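Working notes for the structure below.
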Amino acid sequence: MSFTRIYKRWEDALGTPFIKYGILVSRYPWHVLIVCVTINCLLGIGLVRLESETDTETLYTPQNSQSKADRATVESIFTEDKSGTNFYGKSITKENKYADVILKSKDGSSILTTTYVDEIERIYNYIQNNVTITSDNTTLGLVNVCALRSGKCVVGGDVVFSTAFRTAMSSNTISYPLFNYEYLSGTFGDAQSSGGYLTSAKMVRLFFYLRQDTVSASALSSAWEGKLIETFGTFSSPSMDIAYSTSRSLDDELDKNVNGDVLLFALTFTMMLTYAGFATSGGDCVSDRQNLGRAGVFATCFAILGSFGLISVIGVKFVSIVGTLPFLIIGIGLDDMFILMSCLADCSAKTSIEEKMKETMRTGGVAITITSITDFLAFAIGASASFISVRNFCVYAGTAVIFCYLNQLAFFVPCMVINERRMTRNDHCGTCRPIKPREELRTEGKSIIHAFCCGGQPPKTRRDNESPLEKYPKLLFQYLVRNPIAKVAIIMLFIAYIAATVYGIMNFKRGLLLSNLVTKDSYFYTHSKILEGHFTTEVTIGFTVTSTQNYSDVTTQNRVSDLLSNALADLDINPIVTSNWLADYKRLHALQ
């Protein structure tokens, strides 16, 4: 059996169900349309149960990862600090509540002068005394919400206020990166050193650790964070620029992104209605298909409504990246719409509506089925990702693709039948009232404008109702693919495209910059860009022995020592700063 016969057999087998569906829709278009709209609207009610997930760690870190399992183990060993300080409790494994303030000289000069340090301390005191919240008719400030160590608020960077720092600064003897047992590389931005001493720094970072040991303390910390953001929205310094963020900043800004996406979607919806109308605006007042093009956009919007409602009812949480999905689905829906309209335009004008729909569904129905299946499979595979952000996006996207496909069949195809019936009756595309052909109106003595606006007839060939977007690009590309020079140019462009693709893959970068998650006008974006580009980031690596050990045993002590020695041998480990409680304990015991 030849390949052509095999292909023909499979095409006929796939096309048969669509032919039967074409007959059904051509006979009962309004019934199918009403059922489709009703189902989508009922499913859309599920949006009232829409829940969002904005926690950055939950969204952008792998689920069931070894790091999360290890952290859970450490948290089970090092239980919460019951003294109310909460600095050595949960913060030993993660920072849940904090405020981060970066102070930068306006003129780009070094801040290692008395004038700048005085201004930094003034701003610090302002935060302590003026950023306050009210709870139970009591005014609470930083001292009430900060994590404590030895009875004092834990603030990273407060070393700059110490007498020792000011003395060393005046004599240019600030040891770097370690000063008085504190590591300074994370405190100063654009820091420069020479001979082990800090010579210049253009910015300083104050990191406020907040309480989180109880539910009420965590709530007060969150309220104080909000007050800090509100305060710095209007606060200014004559000599320093201020960038700030808190532990809740990214989540809040992601929520704002979702609200912004709603506005963008409304704008995109309007633009797509305009584009679909223009792309189908060929022909006269009878053959014009602008309303049919707009129906294709509405079919996609109903698909988004129904799919989002269904997923919300199921309980899959909305993530910020899903806000971009409507733009993608509208594009997919319009592709399907133009395929179906093109297949309908290829049908002979002499056949009945039923025959037209049978042929349209036999070819166009199969085409959009294949494309929709491939799109769905891509998102279905993505739904197995270990990242919640990717997984939930793919669940929403895959469901929306299926709904988009079904709505093209159950919403747009009936609209095609209704439009064909209108043209058969020679009704006006806007008023749906019977009109006469333009030639007949001119014969009756009507003006050119009247004949143009009120005359028309059903198309006899495909060209009779083609829009400029359908006519001229087709002619242009037909010329290009036949022209030898254009052929060479196309080949060269394709080779350049492949080369650029290979280069991009070879220089592919991994990682997540938090500044890319928010808009550029966000205060969090400003803070993140400064932090990413001007500060050195160190990650503390801890080793926790989970089993019970006899630490007085010399063998155990040697094994701990060997573990640390092996770690310090790694080139990425800074050997200057280490903390070993066992060694400290032995040294203290020896002194006693």
Side-chain angles (χ1 to χ4, degrees), residues 78-104 111 116-166 179-184 186-188 203-237 240 242-252 523-524 527 531 540:
F78 297 94
T79 57
E80 293 185 5
D81 185 355
K82 301 303 181 180
S83 65
T85 64
N86 189 234
F87 183 65
Y88 291 112
K90 288 184 179 178
S91 60
I92 199 170
T93 54
K94 61 180 179 180
E95 297 164 347
N96 279 340
K97 299 294 180 183
Y98 65 84
D100 192 358
V101 179
I102 298 175
L103 304 174
K104 174 186 176 184
I111 61 171
Y116 278 119
V117 172
D118 287 344
E119 178 63 10
I120 294 170
E121 189 165 10
R122 184 187 75 83
I123 296 173
Y124 173 70
N125 291 332
Y126 184 89
I127 294 173
Q128 280 189 312
N129 302 322
N130 295 81
V131 180
T132 59
I133 58 175
T134 302
S135 176
D136 296 331
N137 297 322
T138 303
T139 301
L140 304 176
L142 175 63
V143 68
N144 303 110
V145 298
C146 67
L148 301 175
R149 179 174 55 195
S150 301
K152 295 182 179 180
C153 288
V154 183
V155 181
D158 61 352
V159 64
V160 299
F161 310 133
S162 66
T163 303
F165 183 86
R166 286 180 177 268
F179 176 79
N180 280 9
Y181 304 103
E182 285 199 44
Y183 209 58
L184 299 183
T187 299
F188 293 100
M203 55 197 78
V204 65
R205 183 184 185 193
L206 300 178
F207 198 93
F208 301 85
Y209 294 87
L210 305 179
R211 287 186 59 184
Q212 57 198 39
D213 49 310
T214 64
V215 175
S216 59
S218 181
L220 291 175
S221 296
S222 295
W224 190 86
E225 290 177 49
K227 186 62 177 180
L228 179 77
I229 296 171
E230 178 185 338
T231 300
F232 276 115
T234 57
F235 181 84
S236 62
S237 168
M240 309 200 78
I242 304 174
Y244 52 93
S245 75
T246 68
S247 60
R248 55 181 279 185
S249 292
L250 182 55
D251 295 345
D252 291 343
Y523 70 89
F524 183 81
H527 177 273
L531 195 60
T540 302

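Only a predicted model underlies this, so the values are computations on that prediction, with no experimental measurement involved. Numbering of residues begins at 1 and proceeds along the displayed sequence.
Side-chain contact of T132 with K227: a donor-acceptor pair under 3.5 Å is absent, judged by distance alone. With 3.5 Å as the limit, one finds no donor-acceptor pair spanning the side chains of S221 and S218.
Counting only heavy atoms from C-beta outward, the side chains of I111 and M240 approach each other to under 4.5 Å. With a 4.5 Å cut-off on side-chain heavy atoms, R166 and E121 count as touching. Between T187 and V204 the shortest side-chain heavy-atom distance falls below 4.5 Å. When side chains are defined from C-beta on, F208 counts as touching I127, because their heavy atoms get closer than 4.5 Å. F235 places none of its side-chain heavy atoms less than 4.5 Å from the side chain of N130. Contact of the Y124 side chain with the V160 side chain is not registered, since no non-hydrogen atoms from C-beta on lie closer than 4.5 Å. Residues R205 and L531 form a side-chain contact, since some pair of their non-hydrogen atoms from C-beta on lies under 4.5 Å apart. Residues Y244 and S249 are not in side-chain contact: their nearest non-hydrogen atoms beyond the backbone lie 4.5 Å or more apart.
Between atom CH2 of residue W224 and atom CG of residue L142 there is a gap of 4.5 Å, rounded to the nearest 0.5 Å. Considering CD1 of I242 and CD1 of I120, their distance stands at 10.5 Å, rounded to 0.5 Å.
Judged by distance alone, with hydrogens and angles left aside, the side-chain atoms of N144 form a donor-acceptor pair with the main-chain N or O of G141 at under 3.5 Å. With hydrogens and angles ignored, the 3.5 Å screen pairs a side-chain donor or acceptor of E225 with a backbone N or O of R248.
In this structure, F207 and Y98 have parallel ring planes: the angle between them is below the 30° cut-off, well short of the 60° mark.
Here the closest heavy-atom approach between residue K97 and residue Q212 is recorded as N-OE1, 3.0 Å.
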